[in-house]
Trainee: 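Let me give you the structure first, and then I'll get to my questions.
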Amino acid sequence: MREILGRRRRLRLRRKEGAARLEAALTFATAWQWPVLPGAGTAPAALRDGRGLGCACRDPDCAVPGAHPFDPVLLAATTDERMVRWWWTNRPTAPVILATGGRAPCAVSLPALAGARALVALDRMGMRLGPVVATPTRWSLLVAPYTLERLGELLYSKDWVPSSLRFHGEGGYLVLPPSEIGTGQVRWERPPAPLAAPAPSTPVLRRITKGGGRAGAAAPWLPDVEAVLDALVEASTSAPDGGSRLAY
């Protein structure tokens, strides 16, 4: 009897989590016009370091278990409500993946400890921040779309940029809450805030919701990457390098 009750509780929890992911994916795609797609998700195999879950892509050396596109591929990312609903109806536990760049948000990610330091520094400066995504190992600051050319100019002016700092621009992706990946839960460290009365000179990202989409909120306000880059570089300087593995 105890086992049956336990299975029922787990089933209710999975249904609740699946409903939350579908609702989030629909909000991102239709209300905010952020192109999304389901991620690879996790598998019961343990990671090499003995923590967390493995990736459903079955690559034992997967650098971002569960937190990357697999099937469908990144180019399939869409804002179409019917497609999003079909994906998460059939795969309710799939992580929500944002295709970054273009007209969608970009992001800068760094190790979790460095991310916490960076947020403290930016708060002390009085800097208005956009959404911040947190996993157990990395934090990601969403920023307004930037081009690779502009990012290159900004980085060229720096004496040194730590390799632990990652840039998610056009052709890239980022896992969004409320997802579960190999290293654990994905959550909002700073939840999205509306486009409410920023200063006239403050860069913002504006979206027009397509007809037939979910009525509602404009896309969240996003800072310009230049406004936060110095603090992120400084905070990442003393963070572990992490080598070539993204280690989400």
Side-chain angles (χ1 to χ4, degrees), residues 34-35 39 49 61-69 74 77 97-177 181-184 186-190 192 201-205 220-248:
W34 293 2
D49 61 8
D61 295 317
C62 182
V64 286
H68 64 89
L74 183 61
I97 302 291
L98 166 70
T100 55
R103 297 198 308 170
C106 293
V108 185
S109 69
L110 64 170
L113 181 60
R117 287 201 299 263
L119 261 59
V120 169
L122 289 165
D123 286 342
R124 286 175 179 167
M125 294 164 56
M127 184 69 64
R128 185 183 180 192
L129 298 177
V132 179
V133 176
T135 75
T137 55
R138 293 187 74 81
W139 287 14
S140 304
L141 281 74
L142 270 63
V143 296
Y146 55 73
T147 63
L148 292 178
E149 291 77 13
R150 181 155 184 268
L151 178 64
E153 292 173 359
L154 293 173
L155 297 181
Y156 184 76
S157 66
K158 309 299 178 189
D159 294 331
W160 182 66
V161 178
S163 61
S164 59
L165 203 59
R166 314 287 183 186
F167 298 91
H168 308 258
E170 188 160 7
Y173 59 87
L174 186 73
V175 63
L176 296 177
I181 57 175
T183 55
V186 183
R187 60 179 178 84
W188 295 114
E189 175 63 27
R190 297 285 174 90
S201 60
T202 304
V204 298
L205 175 66
W221 181 87
L222 299 170
D224 190 84
V225 65
E226 185 175 7
V228 300
L229 186 57
D230 284 345
L232 301 184
V233 168
E234 184 173 350
S236 298
T237 299
S238 58
D241 190 314
S244 62
R245 294 180 64 84
L246 296 179
Y248 269 95

Trainee: Contact between Leu222 and Val143 at the side-chain level, heavy atoms closer than 4.5 Å - yes or no?
Mentor: no

Trainee: If I take atom CG from residue Leu122 and atom CZ from residue Arg128, how far apart are they, to the nearest 0.5 angstrom?
Mentor: 14.0 Å

Trainee: Any side-chain heavy atom of Val233 sitting closer than 4.5 Å to one from Pro162?
Mentor: yes

Trainee: Quick check: do Val64 and Ile181 have side-chain heavy atoms less than 4.5 Å from each other?
Mentor: no

Trainee: Counting C-beta onward and ignoring hydrogens, is there a side-chain heavy-atom pair between Arg150 and Asp224 closer than 4.5 Å?
Mentor: yes

Trainee: What are the two closest heavy atoms between Arg190 and Gly130, and how far apart are they?
Mentor: CB-O, 3.9 Å

Trainee: Does Leu148 form a side-chain contact (heavy atoms from CB on, under 4.5 Å) with Phe167? I'd like the steps, not just the answer.
Mentor: CA-CA 10 Å; Leu148 292 178; Phe167 298 91; over 6 Å; no

Trainee: Passes side-chain contact (heavy atoms from CB on, under 4.5 Å), Trp188 versus Val133? Steps please.
Mentor: CA-CA 5 Å; Trp188 295 114; Val133 176; 3.4 Å; yes

Trainee: Can you tell me if Thr100 uses its side chain to pair, donor with acceptor, with the backbone of Gly172 under 3.5 Å?
Mentor: yes

Trainee: Determine, step by step, whether Leu229 and Tyr146 satisfy the side-chain contact (heavy atoms from CB on, under 4.5 Å) criterion, reporting the C-alpha distance in whole Å, the side-chain angles of both residues, the deciding distance to 0.1 Å, and the verdict.
Mentor: CA-CA 12 Å; Leu229 186 57; Tyr146 55 73; over 6 Å; no

Trainee: What heavy-atom pair brings Pro111 and Ser164 nearest, and what distance separates the two atoms?
Mentor: CD-O, 3.5 Å

Trainee: Heavy atoms only: give me the nearest Pro145-Gly102 pair and the separation to one decimal.
Mentor: CB-O, 3.4 Å

Trainee: Evaluate the side-chain proximity of Arg117 to Leu113: yes if any heavy-atom separation is below 4.5 Å, no if none is.
Mentor: yes

Trainee: Quick one: closest heavy-atom pair of Ala67 and Tyr173, and the distance?
Mentor: O-CE1, 3.3 Å

Trainee: For Gly115 and Trp139, work out which heavy atoms get closest and say how close.
Mentor: C-CE3, 3.5 Å

Trainee: Working to the nearest 0.5 angstrom, can you tell me the gap between Leu174 CG and Arg138 CZ?
Mentor: 10.0 Å

Trainee: Rounded at 0.5 Å granularity, tell me how far CG in Leu155 sits from NZ in Lys158.
Mentor: 8.0 Å

Trainee: Check Ala118 against Leu110 and note the closest heavy-atom contact, atom names and distance.
Mentor: CB-CD1, 4.3 Å

Trainee: Is the number of heavy atoms from other residues, nucleotides or ligands under 6.0 Å of Glu189 CD greater than 12?
Mentor: yes

Trainee: Does Leu141 reach the side chain of Val225, with side-chain heavy atoms less than 4.5 Å apart?
Mentor: no

